[in-house]
J.: 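Dropping the structure in here first, questions after.
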Protein chains: 4
Amino acid sequence: MVGRPRSEESRRAILQAALRLCDRDGYPNVTLKAVAAEAGTGRQTLYRWWNTKADVLLEAMTTIVAPGLPPSPPDLRSFLMDTFALTDGVAGRVVVGLMAEAQSDPDLAERLRIGLIGPRRAALRGVLESSVSSHFNLDLIVDMIFGAMWYRLLNRHAPVDAALAEEITELVEAHLRRDTGRSRTSPRRSIRS
Amino acid sequence: MVGRPRSEESRRAILQAALRLCDRDGYPNVTLKAVAAEAGTGRQTLYRWWNTKADVLLEAMTTIVAPGLPPSPPDLRSFLMDTFALTDGVAGRVVVGLMAEAQSDPDLAERLRIGLIGPRRAALRGVLESSVSSHFNLDLIVDMIFGAMWYRLLNRHAPVDAALAEEITELVEAHLRRDTGRSRTSPRRSIRS
Amino acid sequence: MVGRPRSEESRRAILQAALRLCDRDGYPNVTLKAVAAEAGTGRQTLYRWWNTKADVLLEAMTTIVAPGLPPSPPDLRSFLMDTFALTDGVAGRVVVGLMAEAQSDPDLAERLRIGLIGPRRAALRGVLESSVSSHFNLDLIVDMIFGAMWYRLLNRHAPVDAALAEEITELVEAHLRRDTGRSRTSPRRSIRS
Amino acid sequence: MVGRPRSEESRRAILQAALRLCDRDGYPNVTLKAVAAEAGTGRQTLYRWWNTKADVLLEAMTTIVAPGLPPSPPDLRSFLMDTFALTDGVAGRVVVGLMAEAQSDPDLAERLRIGLIGPRRAALRGVLESSVSSHFNLDLIVDMIFGAMWYRLLNRHAPVDAALAEEITELVEAHLRRDTGRSRTSPRRSIRS
DNA sequence: CTTTAATCGAGACGGTACGTCACGTCTTAGG
DNA sequence: CCTAAGACGTGACGTACCGTCTCGATTAAAG
């Protein structure tokens with residue numbers, strides 16, 4: 001026997017309510033109780049399909065927000081512009097909240113790396129491969145670029161905006177360009193995700 | 001009249017209990033109730049002097065952990081070595097937890113910037129000033145170096161260790177050195193903290 | 001939609017736990033926390049349905065204890081015997097505690113008068129009407145009979161027992177009887193509850 | 001060594017503050033903390049000389065309020081008039097609060113009986129002895145008269161005023177007078193305080 | 001065209017941390 | 001040695017959210 005099928009309507013209502021509340025109250029102040037109420041759904045419906053707040057918002061990120069990312073951006077400048085633009089809104093708050101929660105939830109941490117962070121790292125690395133000298137440890141460059149972004153997202157001492165994208169692009173192209181690379185840095189080592 | 005003086009013993013017991021529980025259970029799983037119990041003090045004593053968990057741990061960082069920082073490190077390599085070494089332990093977990101909490105507490109965010117993050121930024125900038133060409137926007141370099149550190153602390157795709165310090169130092173000295181600087185990057189802009 | 005129905009089991013467990021603790025520790029020493037623990041229920045379940053300790057015990061009195069009262073006692077002697085018998089146990093402690101609390105809670109005071117005290121006054125008055133001369137102010141007689149009971153319950157200088165019932169009955173029947181009434185007392189005035 | 005003598009000023013300030021707060025907030029809402037603050041005295045000073053709230057108010061009653069009682073009232077009517085008049089004010093609230101507290105404090109109960117209730121019972125008994133036939137159990141009559149008073153003080157279904165004094169006096173004089181007493185009531189039994 | 005079964009909303013359940021309040025004790029400096 | 005001031009450890013308060021558990025009602029495939 002099969003029973004009543006899952007309501008797609010409830011699913012989307014819950015994901016969108018979660019994002020809406022994250023935007024309004026901030027990730028840590030969102031409760032699943034409030035999400036259910038905001039979505040106009042029962043609480044058990046929520047717990048039947050997700051286990052935690054992080055589960056809900058991770059799915060919301062990958063099914064609602066992520067599709068808005070640039071598919072295959074041509075150059076570093078556009079890649080950073082598009083990426084940074086996305087951080088200015090719910091997506092930024094959510095992803096920072098998820099990252100914070102992952103600090104004490106190893107399982108969530110891994111799903112974050114695999115589902116969200118890793119793919120973006122790979123994408124940036126792909127963009128860099130065509131413009132940065134192979135003498136450099138690309139993973140380190142990726143760390144420093146996305147690191148600057150995360151650092152500013154968290155500490156808010158400066159915005160993550162087009163100007164940052166521009167500055168980073170100029171720095172990379174002026175000093176790490178394929179033809180200008182005279183690196184004495186050590187050979188790259190393998191890195192997770 | 002004066003009344004009974006504040007118990008320095010209780011104060012230190014609470015700060016150390018908070019750090020201990022952070023180490024054991026992770027920042028978000030620490031409760032003030034448990035801190036009071038672990039410290040062997042009354043709960044009211046805790047609320048008398050601090051308002052939130054973040055308050056307690058921020059003071060713990062600045063009065064117990066921070067004094068362990070290098071006073072005036074000579075060069076970039078040692079500076080990063082010392083700094084990164086500190087992140088491997090309670091300090092890392094705490095500071096990440098504080099940063100996460102600051103996302104929805106603007107007041108805490110500012111105190112973090114002023115008391116913890118800003119001074120470290122200034123210190124790194126000071127070190128860079130003597131070795132990096134003035135053509136570069138030093139704030140951006142600081143963002144990228146500390147950014148890489150934060151990024152790895154949060155995402156844990158790679159360790160924040162001596163090797164990272166070494167790689168960053170080599171990259172900076174090889175390509176951004178004072179005498180080799182032929183930057184075409186845009187002029188620096190002012191940046192908060 | 002309806003939701004999960006209220007648990008009758010929890011309700012009775014709480015009421016009985018409240019009475020049990022009142023009996024053991026005395027009304028003022030009962031805490032709602034202890035009631036919940038004794039009843040094996042959550043604390044919130046208690047607060048969901050009652051606001052105060054007095055609320056709980058008032059309901060316990062009217063739904064558990066009161067049904068044990070004599071339905072329609074034939075004569076004054078039996079009425080007093082039955083009534084006084086009830087005061088020797090939890091009921092006495094509870095009702096005294098409620099009365100004490102009502103001194104600073106006008107709302108509780110009114111509910112006490114309407115739900116507990118008033119009906120007993122009416123019942124006693126009914127019994128007296130058939131045996132006491134209409135020359136007397138029955139409300140005053142009620143005050144003096146129940147007053148003696150309350151006075152002894154509170155001050156404990158003498159027991160509220162069958163002997164008291166006997167003495168009062170004799171006094172009333174010897175001197176206030178319908179046919180012997182030659183009262184010169186003033187006409188009755190109306191009295192609340 | 002003798003040290004500093006006890007401050008009589010503080011003592012009176014505390015007693016009066018306790019009465020004032022009882023009047024304003026009701027006995028159960030008075031806290032010793034508030035009494036000390038109201039009296040402008042330290043909290044320890046209070047605890048040094050009294051153990052409980054009841055202690056303070058019992059002393060306040062016996063040293064401040066009681067002296068206002070009629071010394072040797074001539075007849076039942078004046079005795080009741082004077083007595084009832086006193087219940088309309090702080091004294092009523094305090095004595096009811098003490099009585100309530102005594103329900104779970106046997107020691108306080110006894111001090112109440114000895115220091116406050118017993119003497120008044122004896123006084124009323126003395127008045128009755130000269131006007132009521134010796135055939136009656138005077139303790140029962142005392143119980144019924146003071147009982148009516150307490151009952152009304154607590155339940156507030158009717159005032160404790162001059163009218164009540166008048167009605168009781170008339171009832172007693174009309175039906176229990178020395179020369180009219182043809183009582184068939186049982187012989188008196190001994191009664192505590 | 002009725003079962004049958006899993007879903008839906010609603011909402012009560014036993015827990016637990018929250019931040020506040022009053023308790024009664026203690027530890028200061030000052031009279 | 002008493003006084004005021006006030007911090008101390010304790011424990012109940014009433015609130016909020018947790019994740020689980022019943023409910024009656026709904027929905028669709030299987031019999």
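Reminder, nothing fancy here: chain letters follow the sequence lines and each chain counts from 1.
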J.: Checking side-chain contact (heavy atoms from CB on, under 4.5 Å) between C:L98 and each of C:L58, C:I117, C:D105, which is the one that passes?
T.: C:L58
J.: Return whichever of D:T52 or C:A39 has its heavy-atom-nearest nucleotide of DNA chain E closer to the 5' end.
T.: C:A39
J.: Are the side chains of B:V35 and B:T41 in touch, meaning some heavy atoms are under 4.5 Å apart?
T.: no
J.: Does NZ or CZ of C:R6 fall inside the cone over C:W49's six-membered ring, less than 6.0 Å from its centre and within 45° of the axis?
T.: yes
J.: Is the positively charged end of A:R111 above the ring of A:W50, judged by distance under 6.0 angstrom from the centroid and angle within 45° of the axis?
T.: no
J.: Is any N or O donor-acceptor pair between the side chain of A:R6 and the base of E:dT7 shorter than 3.5 Å?
T.: no
J.: Between D:D55 (side chain only) and D:N51 (backbone N and O only), is there a donor and an acceptor less than 3.5 Å apart?
T.: yes
J.: Treating B:Q103 as the side-chain partner and A:L154 as the backbone partner, does any N or O pair qualify as donor plus acceptor under 3.5 Å?
T.: yes
J.: Any chance you could lay out the salt bridge (charged side-chain N to carboxylate O under 4.0 Å, His left out) test for A:R113 and A:E110, step after step, and finish with the verdict?
T.: CA-CA 5 Å; A:R113 278 196 297 269; A:E110 185 161 5; 5.0 Å; no
J.: Quick one: are B:E101 and B:K53 in side-chain contact, heavy atoms under 4.5 Å?
T.: yes
J.: Any residue in residues 14-38 of chain C with a heavy atom nearer than 4.0 angstrom to DNA chain E? Just list them by number, or reply none.
T.: none
J.: With a 4.0 Å heavy-atom cut-off, tell me which residues in residues 53-64 of chain B come close to DNA chain E, sorted by residue number.
T.: none
J.: Please pick, from F:dC21, F:dA7, F:dC23, the nucleotide with the shortest atom-to-atom distance to any side-chain atom of C:R4.
T.: F:dC21
J.: Shortest non-hydrogen contact from B:Y27 to B:C22?
T.: CA-SG, 3.6 Å
J.: Rounding to 10 degrees, work out the angle separating the end axes of the helix from E:dC1-F:dG31 to E:dG31-F:dC1 (five pairs an end).
T.: 20°
J.: Of the nucleotides F:dC23, E:dA29, E:dG14, which has the atom closest to the C:V2 side chain?
T.: F:dC23
J.: Could you measure the distance from the CZ atom of B:R93 to the CG atom of B:D25? Nearest 0.5 Å is fine.
T.: 8.5 Å
J.: Applying salt bridge (charged side-chain N to carboxylate O under 4.0 Å, His left out), can you list everything that pairs with B:R43, at least two apart in sequence or on another chain?
T.: none
J.: Check this one for me: any side-chain N or O of C:S10 less than 4.0 Å away from OP1 or OP2 of E:dG14?
T.: yes
J.: Which atom pair, heavy atoms only, marks the closest approach of B:A13 to B:A39?
T.: O-CB, 3.5 Å
J.: Between B:E8 (CD) and E:dT27 (P), how many Å, whole number?
T.: 17 Å
J.: Restricting to non-hydrogen atoms, name the atom on C:L112 and the atom on C:A102 that form the minimum distance, rounded to 0.1 Å.
T.: CD1-CB, 3.9 Å
J.: Determine the minimum heavy-atom distance between B:S104 and A:P28, stating which atoms define it.
T.: OG-CG, 3.4 Å
J.: I need the CD-C1' distance between A:E9 and F:dT27, as an integer number of Å.
T.: 13 Å
J.: Of the non-hydrogen atoms in B:L15 and B:V56, which two are nearest, and what is the gap between them?
T.: CD2-O, 3.5 Å
J.: Using whole Å, what does the distance between atom C1' of nucleotide E:dT7 and atom CZ of A:R11 come to?
T.: 16 Å
J.: Look up atom CZ in A:R11 and atom OG1 in A:T45, then write down how far apart they are to the nearest 0.5 Å.
T.: 14.0 Å
J.: Does anything in residues 42-50 of chain A reach DNA chain F, meaning a heavy atom under 4.0 Å, and if so which residues?
T.: A:R43, A:Q44, A:Y47
J.: Identify, residue by residue, the members of residues 94-107 of chain B with a heavy atom below 4.0 Å from DNA chain E, and return them in order of residue number, or none.
T.: none
J.: Check whether any side-chain N or O of C:S7 sits under 4.0 Å from OP1 or OP2 of E:dA12, and answer yes or no.
T.: no
